[in-house]
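Because the structure is predicted, anything quoted here is derived from the model rather than measured.
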Amino acid sequence: MSGNYNQALAMFNSMKPLIPQGDLLAPKYELIILSAIADTCKELGDYAAAIETASLLLDLSSNLTAPESKRIADSVLQIMGNTEIITDPGFSLAVLAEHIGRSAKVVSQVVNETLGKNFKTLLGEYRIREACVRLLDTDTYGQYTIEHIAESVGFNSRSNFSVTFKKITGLTPAQFQKSSISDSGD
């Protein structure tokens with residue numbers, strides 16, 4: 001653990017006695033203090049301390065232990081790596097939670113707090129990653145339109161695909177395809 005995390009934890013422990021005992025809001029005060037410490041560590045660029053503090057925050061804000069949160073996060077990443085599952089247009093947070101055997105609320109919390117993004121963003125990133133693979137694989141997918149590739153990775157509309165693709169890669173799908181063709185032709 002980093003020094004900033006130990007300092008943050010010491011600061012939290014020193015502030016805990018200031019919270020009135022028996023106050024119904026005491027757990028919320030603890031969460032607010034830890035959240036502020038995690039944000040400060042992140043702003044200082046000490047991401048390891050921010051993650052450690054967020055892990056402690058996660059422990060307090062739910063019934064999940066840190067090892068259980070890590071196990072759920074690992075399961076999320078394993079499932080997200082399965083293109084057959086995530087490219088199904090019906091894949092959702094509820095489906096992901098069902099695969100993991102936890103509630104959608106718990107899975108969402110772990111994705112948000114452990115992976116630092118919401119489920120929609122995470123899914124978009126994985127689907128766009130697969131779309132890039134397919135756009136570059138001209139032997140297998142060269143005869144398909146961009147719209148077909150968008151549908152094949154789980155997007156219901158080309159416009160949503162294009163917006164998500166550009167947000168993640170900085171290029172439109174057509175620009176990406178053209179730049180990869182020109183790069184391979186050099």
* Asked: Counting only N and O atoms by type, is there a donor-acceptor contact under 3.5 Å from the side chain of R134 to the main-chain atoms of I149?
  -> no

* Asked: Parallel, tilted or perpendicular for Y141 and Y144, by the 30°/60° rule?
  -> tilted

* Has the side chain of S179 got a donor or acceptor atom that lies under 3.5 Å from a matching backbone atom of F176? -> yes

* Which atom names give the shortest non-hydrogen contact between I100 and S75, and what distance separates them? -> CG1-CB, 4.0 Å

* **Side-chain donor or acceptor of E113 paired with backbone N/O of V110 under 3.5 Å** => no

* Quick check: does any side chain N or O of S108 sit under 3.5 Å from a backbone N or O of A104, one acting as donor and the other as acceptor? -> no

* For N160, does its backbone N or O pair with a side-chain atom of T164 as donor and acceptor, under 3.5 Å? -> yes

* Should we count CD of Q78 as having more than 12 external heavy atoms under 6.0 Å? -> no

* To do: Apply salt bridge (charged side-chain N to carboxylate O under 4.0 Å, His left out) to the pair R158 and E151, showing each step before the final yes or no.
  => CA-CA 8 Å; R158 179 173 176 167; E151 289 174 6; over 6 Å; no

* What is the minimum heavy-atom distance between V107 and L93, and which atoms define it? -> CG1-CD1, 3.9 Å

* Considering all heavy atoms, the nearest P173-I146 contact -> CB-CG2, 3.7 Å

* Do E125 and K117 come close enough that some side-chain heavy atom pair is under 4.5 Å? -> yes

* Asked: Under 4.5 Å between any side-chain heavy atoms of T169 and C132, yes or no?
  -> yes

* Asked: Got L122 and V76 here, is their nearest side-chain heavy-atom distance under 4.5 Å?
  -> yes

* **Closest non-hydrogen atom pair between A73 and T114, with its separation** => CB-CG2, 3.8 Å

* Close side-chain approach of M80 to L123, heavy-atom, < 4.5 Å -> yes

* Shared ILVMFWY cluster between Y126 and V133, side chains joined below 4.5 angstrom? -> no

* Asked: Salt bridge or not for E68 and R102, using N-O below 4.0 Å?
  -> yes

* Check: G154 main-chain N/O paired with R127 side-chain donor or acceptor under 3.5 Å -> yes

